[in-house]
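Note sheet for the following structure.
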Number of protein chains: 2
Amino acid sequence: MSASGGATRLKLLEGALRTLVEQGIAKTSARSIATTAGVNQALIFYHFGSVDELLAAACVHGAEQRVSRYRERLAALDSLTELLTFARAMHAEERAAGQVAVLGQLLAAGQTAPALAAATSAGLALWIEELEGVLTRLLAATPLAAFADPAGLARAAAASFVGIELYEGIDPEGAARALDSLEQLAVLAQALQGLGPLSQRAVTHRLRRRTRG
Amino acid sequence: MSASGGATRLKLLEGALRTLVEQGIAKTSARSIATTAGVNQALIFYHFGSVDELLAAACVHGAEQRVSRYRERLAALDSLTELLTFARAMHAEERAAGQVAVLGQLLAAGQTAPALAAATSAGLALWIEELEGVLTRLLAATPLAAFADPAGLARAAAASFVGIELYEGIDPEGAARALDSLEQLAVLAQALQGLGPLSQRAVTHRLRRRTRG
DNA sequence: GTCTATACATGGATAGAC
DNA sequence: GTCTATCCATGTATAGAC
């Protein structure tokens, strides 16, 4: 890959992401991407073979870029409460950058395009992996540790995150209200962590019994 | 609207939904819808003016159909635990019917098409409205009643539901794991409801303090 | 209300010159 | 590796006959 070739590839990857954000999957085409990227349309097929393959590569490229951005900050978190506060800040950043929107567009497209499905799954997996690590660490300090599945929760959270982001695109006020309500629920986690030993044991006991039932 | 005219309109509405499910928004066009519906392509423009207007009408039409299907069953629920169990059953039914997939496709398309955004918001609102009513009723019996916002939670749940459904389309195993983990969290609600009065009061007290902080 | 035919735009993809 | 030119499929939308 020559220097200029690498540059064009990169322009196309970034152009594909920007086009998905600005015009949506429905209007993302070889021509629209090429225009956004400022390169010749035929180069998409030279470098990536097809539009879908470019989108697939762009998805993973974008996810890598964004996830690495948060790695350090996630490692510094000390409680579920902090994680929830951080999630809202991250949401705002990702909304501005448009990366979650990209996942939403590709998630929709992937429903009926296997090649895109695989790439989107890989992109989302990068987020999930990161989140799973943090959840494993933070849940250990709560009564939830006994029965919660960090891997499952990380997947649920990531998918929900994308869903809420898509919702925000069509109803910003509703999405804000949704996020507020989740933040309020955070006090539940806080309360569980802050309970006196006796009450906490009662809760834990109760939780244990229920999981066996 | 004549009888046959109404019949064609209906064929187009149902055809639009089926096309969205089977081919995704990217391959949903006047021609593909007309083929699915078994009617002439030009009739889309006669009855709805444009493809997007047909999609908008179909979204609301589909949501009305599906939501009314659950109204009675939702009214019969007696606890948050039951609601969560029911949610999983509903998820399976909607996945089979493809209605949540439709919302996902239109949610993605709506990000950059204001007319579709409005219709999708209206369709989703039907689900939210129903859910909000149930949540308001069921949360009243828990310590969460003091600070939880049913309207916000209903919005968060609906959006998350769509997100997880989209995720299921690209990673069925991951989605199953996500849903399992949420079901396990349901024991938390169960535990809160089943706590003895003393412990429950401790939790409630704790929660109250946190919301004021 | 429905059909055929058609105009015209956009999109995927390739050939071949440079 | 990049550009121009082009082929052909698909898509939106309309006109006009029935």
Side-chain angles (χ1 to χ4, degrees), chain A residues 1-59 105-106 108-110 112-116 119, chain B residues 1-59 105-106 108-110 112-116 119:
Chain A
M1 189 192 297
S2 81
S4 65
T8 297
R9 263 187 80 92
L10 194 61
K11 274 189 202 170
L12 283 171
L13 290 170
E14 304 283 354
L17 294 176
R18 267 188 57 200
T19 309
L20 279 174
V21 173
E22 291 166 10
Q23 306 189 220
I25 185 74
K27 291 190 179 169
T28 293
S29 66
R31 287 179 154 92
S32 62
I33 294 172
T35 301
T36 305
V39 308
N40 190 284
Q41 176 250 145
L43 291 176
I44 289 173
F45 303 95
Y46 174 79
H47 284 288
F48 294 94
S50 72
V51 174
D52 274 10
E53 285 172 278
L54 165 56
L55 293 179
C59 175
Q105 295 296 320
L106 293 177
T112 51
L116 282 181
Chain B
M1 189 191 298
S2 82
S4 64
T8 297
R9 263 188 79 91
L10 194 60
K11 274 190 202 169
L12 283 171
L13 289 170
E14 303 284 351
L17 293 176
R18 268 190 54 203
T19 309
L20 278 174
V21 172
E22 292 166 10
Q23 307 189 227
I25 185 74
K27 289 189 181 170
T28 292
S29 66
R31 289 198 216 269
S32 62
I33 293 172
T35 301
T36 306
V39 307
N40 189 284
Q41 176 251 143
L43 292 175
I44 289 173
F45 302 96
Y46 175 78
H47 285 289
F48 295 93
S50 73
V51 175
D52 274 11
E53 283 172 279
L54 165 56
L55 292 179
C59 174
Q105 294 297 320
L106 293 178
T112 52
L116 282 182

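Below, chains carry the letters A, B, ... as their sequence lines are ordered, and counting in each starts from 1.
Listed candidates were C/dC3, D/dA13, C/dG12. Nearest to the side chain of A/Ala30 is C/dG12. Of the candidates C/dG12, D/dC3, D/dA13, D/dA13 carries the atom nearest the B/Phe45 side chain, counting heavy atoms from C-beta on. Checked against D/dA13, D/dG1, C/dG11, the side chain of B/Ser50 finds its nearest nucleotide in D/dA13. Out of C/dG11, D/dG11, D/dT2, the shortest distance to the side chain of B/Ser29 is found at D/dG11.
Between the P atom of D/dT2 and the CZ atom of A/Arg9 lies a distance of 11 Å, rounded to the nearest Å. Rounded to a whole Å, the CG atom of B/Leu54 is 15 Å from the P atom of D/dG11. Across the protein-nucleic acid pair, B/Lys27 atom NZ and D/dG11 atom P stand 9 Å apart, rounded to whole Å. Distance, A/Ile44 CD1 to C/dG11 C1': 11 Å, rounded to whole Å. When the C1' atom of D/dT12 is taken as reference, atom CG of B/Asn40 falls 14 Å away, rounded to whole Å. We find that CD of B/Glu53 is positioned 13 Å from C1' of D/dA13, with the value rounded to whole Å. The CG atom of A/Asp52 sits 13 Å away from the C1' atom of C/dA13 (whole-angstrom rounding). Put simply, CD on B/Gln41 is 13 Å from P on C/dA5, counting in whole angstrom units.
Screening residues 12-26 of chain A for side chain to side chain donor-acceptor pair (under 3.5 Å), with sequence neighbours left out, gives A/Glu14-A/His61, A/Glu14-A/Gln65, A/Arg18-A/Glu22, A/Thr19-A/Thr36.
Side-chain nitrogen and oxygen atoms of A/Thr8 include at least one within less than 4.0 Å of the OP1 or OP2 phosphate oxygen of D/dT2.
Interatomic distance, CG of B/Leu54 versus CD1 of B/Ile33, reported as 5.0 Å (0.5 Å rounding). Between the NZ atom in B/Lys27 and the OG1 atom in A/Thr112 there is a gap of 6.5 Å [rounded to 0.5 Å]. The structure places CD1 of B/Ile44 at 10.5 Å from CZ of B/Arg31, a figure rounded to the nearest 0.5 Å.
Mapping A/Arg31 and A/Val39 onto DNA chain D by nearest heavy atom places A/Val39 at the nucleotide closer to the 5' end.
B/Val51 comes within 4.0 angstrom of sugar-phosphate atoms only, judged by non-hydrogen atoms across all strands, and of no base. Base contact: A/Ala42 has a heavy atom under 4.0 Å from a base atom.
Of the possible polar contacts, none joining the A/Gln41 side chain to the A/Ala34 backbone as a donor-acceptor pair under 3.5 Å is found.
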